[in-house]
Amino acid sequence: MRTVVFNWLFARQHGGQFILRIEDTDRTRYKPQTVKTIMEGMRWLGLDWDEGPSLEELQRSGVEDAARYAVGGAYGPYIQSERVELYRQVAQQLLDKGLAYRCNCTPERLEQVRAEQRANKLPIMYDRHCRDLPPDAISPDETHVIRLKIPLTGQTVVHDQIKGDVIFDNAGLDDQVLLKSDGFPTYHLAVVVDDHMMQITHVIRGDDWIPSTPKRILIYAALGWELPVYCHVPLVTMPGGKKLAKRAGATSVTEFRAQGYLPEALFNFLALLGWSPGEGDEQEIFTRAELVERFDLFRVNKGPAAFSYDKLDWINGVHIRNLSTDDLMERLIPFWQQAGFVPTPCPDDLRPMLRKIVPLIQERLKHLTDVAELTDFFFTYLEPSAESLIGKKMDAQQSLTVLERARSLLAACSADFTHEEIEPALRGLVEELGLKAGQVFGVIRAATTGKDVSPPLFGTLSALGQDRALERLDKAIWQMRNCELIKN
RNA sequence: GCCCCCAUCGUCUAGCCUGGUCUAGGACACAGGCCUUUCAAGCCUGCGACACGGGUUCAAAUCCCGUUGGGGGUACCA
């Protein structure tokens, strides 16, 4: 997915077209659900595409909500399974030119060849058994594949924008299968045909593709087509260890949403994985627009980068703090709903309270999901523990006095119950009792929130509302008195 | 096995191309402090790296070679 972000940034930055193509030539693995997940993930991250599968294509492929993702374009179809005839024609063309050949070796024979090569510590590749058979030795009607005739000598150079020139001896390249026995093309054939037909200028992908790039360059050569610009970016590894994220990356984007990450934060983080502004510029937080302007594909590092949740969490927190109150509230509502604190749809008369809560927790959120445990006490009554109602270096009687005085002072406030009137009242209480602010506020916090840790007290009380604040103080006072009775 | 890629603090990185200004800069994380009604946020300080070995050079993190280490490829997968 990080590589997709690089592709998108590069296209947007240069005013190019960003095209989404579905490569589904492996029929044994194809699942319509995956297509939807990828598109949904890209939409969420803000990676919009200028050309992509049309409504009809998506429907034929069994993708749900096809209308939501349909884009279309002049170079379609954009789903490879819809283009098989094209690949067959190109394969036939190569056959006719004598640059490819039919091969009917069985999987068993191929495996046997490989086993022998392994045993003799030889390079593992097809032994070219069928390469020099007479053209009519294998009938088009029998089960077979079509392989490319790789030149036996010479070198093929990949001119890569990040790695530089990478040179391969043709002798070490396998006679790549172009068309499988089920009639579908391999990735190698399909991507070359499509990139050419769709006029793709830049191929930006993971550097795990480097070793097979010469094979594709030779397909271009066999067809007499012009090469695109290659740009192989390093892979992203998993946090602790160094295992490759494999293909899990693209499909898990929606999981980041569920975990409470902002799309702009994930985007920011992903762009920084392998790229940095450099030249003494140490900016780390970027908006999407800034990245489109500043990103430089050719400055991307050569080495792999490890995914770090610590850094992502920090970036997410920064972006959360940068949101407006209303924006953050709207993004938080689904998470409140999921926690069961807010009904679906959100009632209008609940919004004023939510709007007062948001600023109280904004700088405390690392993930949107954190909102549940940070604000649970606003929605349900949590009974404070007996110990928490007694302040630091205070006895039960003093604590009870704090609660009783606080109750009467807060009862004297207006129904607006604003932060501005609560604060002087309670600060006055601190003075009146000759205690420390932390002692007094701690007791009131425990009584009204049921927690030792809460958002700032005055704002919290105001958001809670006068009725519920007084009610909770009353309960705490009862609790304290009962406790005293039992003791006596 | 064979082929390819990569190598700066624990992590992401600046610096490398155009050797000296690098006693290697920043960020995350971590530790301590300040602020403070708790928790955060913010601010300050600390900890912490040029994988190793050879060259080239007056001078190398920067250029060259090798070693080691890590990753990838080696499919009728992408």
Side-chain angles (χ1 to χ4, degrees), chain A residues 23-26 28-29 103 105-107 110-111 114 117-126 143-147 158 160 162-163 166-169 172-174 176-188 190-191 205-214 232 234-235 237 239-240 242-244 246-247 269 272-285 301-315 317-318 321 360-366 374 423 426-427 430 436-446 449 451-458:
Chain A
E23 311 199 319
D24 61 342
T25 54
D26 183 353
T28 61
R29 286 198 321 182
C103 163
C105 291
T106 62
L110 295 176
E111 186 41 53
R114 282 192 281 261
Q117 289 166 337
R118 258 190 293 270
N120 296 314
K121 301 194 171 180
L122 292 167
I124 294 166
M125 53 197 284
Y126 178 54
T143 300
H144 69 280
V145 301
I146 295 176
R147 289 179 183 272
V158 179
D160 191 86
I162 289 184
K163 312 280 185 181
V166 185
I167 302 164
F168 294 84
D169 283 328
L173 301 176
D174 219 340
Q176 184 58 50
V177 171
L178 300 175
L179 209 61
K180 303 187 258 187
S181 58
D182 65 359
F184 278 82
T186 57
Y187 168 81
H188 308 287
V191 81
R205 64 187 162 205
D207 65 13
D208 50 338
W209 287 103
I210 291 181
S212 58
T213 299
H232 288 94
L235 263 15
T237 66
K242 292 269 179 180
K243 287 160 202 160
L244 178 66
K246 216 54 181 166
R247 307 184 212 326
F269 173 75
L272 249 31
L273 223 43
W275 174 82
S276 66
E279 290 166 6
D281 190 327
E282 278 153 1
Q283 185 175 349
E284 305 242 37
I285 301 299
N301 275 296
K302 292 182 178 186
F307 191 96
S308 160
Y309 277 98
D310 278 334
K311 186 98 174 203
L312 173 58
D313 286 354
W314 173 71
I315 289 178
V318 174
R321 274 170 247 137
L360 300 175
I361 56 166
Q362 184 156 24
E363 66 189 27
R364 274 155 258 265
L365 292 168
K366 260 197 168 70
L374 243 29
E423 175 158 8
L426 295 184
R427 290 220 183 266
V430 170
K436 297 221 168 157
Q439 295 177 299
V440 172
F441 298 158
V443 172
I444 300 172
R445 166 176 296 109
T449 69
K451 297 185 159 198
D452 295 328
V453 177
S454 82
L457 188 60
F458 313 128

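In what follows, every chain begins at residue 1, and chains take the letters A, B, ... in the order their sequences are listed.
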A:N301 side chain N/O closer than 4.0 Å to the phosphate oxygens (OP1, OP2) of B:rA14? yes

Of all heavy-atom pairs between A:L426 and A:F441, which one has the smallest distance, and what is that distance? CB-CE2, 3.8 Å

Can you tell me if the side-chain N/O atoms of A:R427 get under 4.0 Å from OP1 or OP2 in B:rU37? yes

For residues A:W314 and A:Y309, establish whether the separation of their ring centroids is below 6.0 Å. no

Tell me which nucleotide among B:rC3, B:rC5, B:rG73 gets nearest to the side chain of A:P211. B:rG73

Sugar-phosphate only, base, or nothing, as touched by A:L122 at under 4.0 Å among non-hydrogen atoms: base

Phosphate contact (B:rU74 OP1 or OP2) by A:R114 side-chain N/O below 4.0 Å: no

Winner on side-chain proximity to A:L110, out of B:rC76, B:rU37, B:rA27, is B:rC76

For B:rC64 versus B:rG72, give the span between their C1' atoms, rounded off to a whole number of Å. 26 Å

Look at the side chain of A:K311 and decide which nucleotide, out of B:rA7, B:rC39, B:rC28, has an atom nearest to it. B:rC28

Whether the side chain of A:D160 engages the backbone of A:I162 through a donor-acceptor N/O pair (distance < 3.5 Å, no angle test) should be reported. yes

Picking from B:rA78, B:rC5, B:rU37, which would you name as closest to the side chain of A:A437? B:rU37

If only side-chain N and O atoms of A:S276 are considered, is one of them under 4.0 Å from the OP1 or OP2 phosphate oxygen of B:rA14? yes

Answer for the Watson-Crick or wobble partner of B:rU56, both distances under 3.5 Å, is none

Using a heavy-atom cut-off of under 4.0 Å over every strand shown, decide if A:G317 touches base, sugar-phosphate, or nothing. nothing

Measure the distance from CZ on A:F269 to C1' on B:rU13 and round it to the nearest whole Å. 12 Å

Is there a donor-acceptor contact under 3.5 Å linking the side chains of A:D310 and A:S308? no

Where the side chain of A:S181 is defined as all heavy atoms beyond and including C-beta, which of B:rA27, B:rA78, B:rC76 is the nearest nucleotide? B:rC76

Of the nucleotides B:rC3, B:rC5, B:rU37, which has the atom closest to the A:K163 side chain? B:rC5

For the side chain of A:K180, counting heavy atoms from C-beta on, which of B:rA78, B:rA75, B:rU37 is nearest? B:rA78

Could you check which of B:rC76, B:rG1, B:rG42 has an atom nearest any side-chain atom of A:R321? B:rG42

Roughly how many Å apart are B:rA61 and B:rG53, using the P atom of each and rounding to a whole number? 12 Å

Checking B:rG72, B:rU13, B:rU74 against the side chain of A:D208 (C-beta onward), the nearest is B:rG72

Taking the side chain of A:I124 as heavy atoms from C-beta outward, which of B:rA78, B:rA75, B:rC6 is closest to it? B:rA75

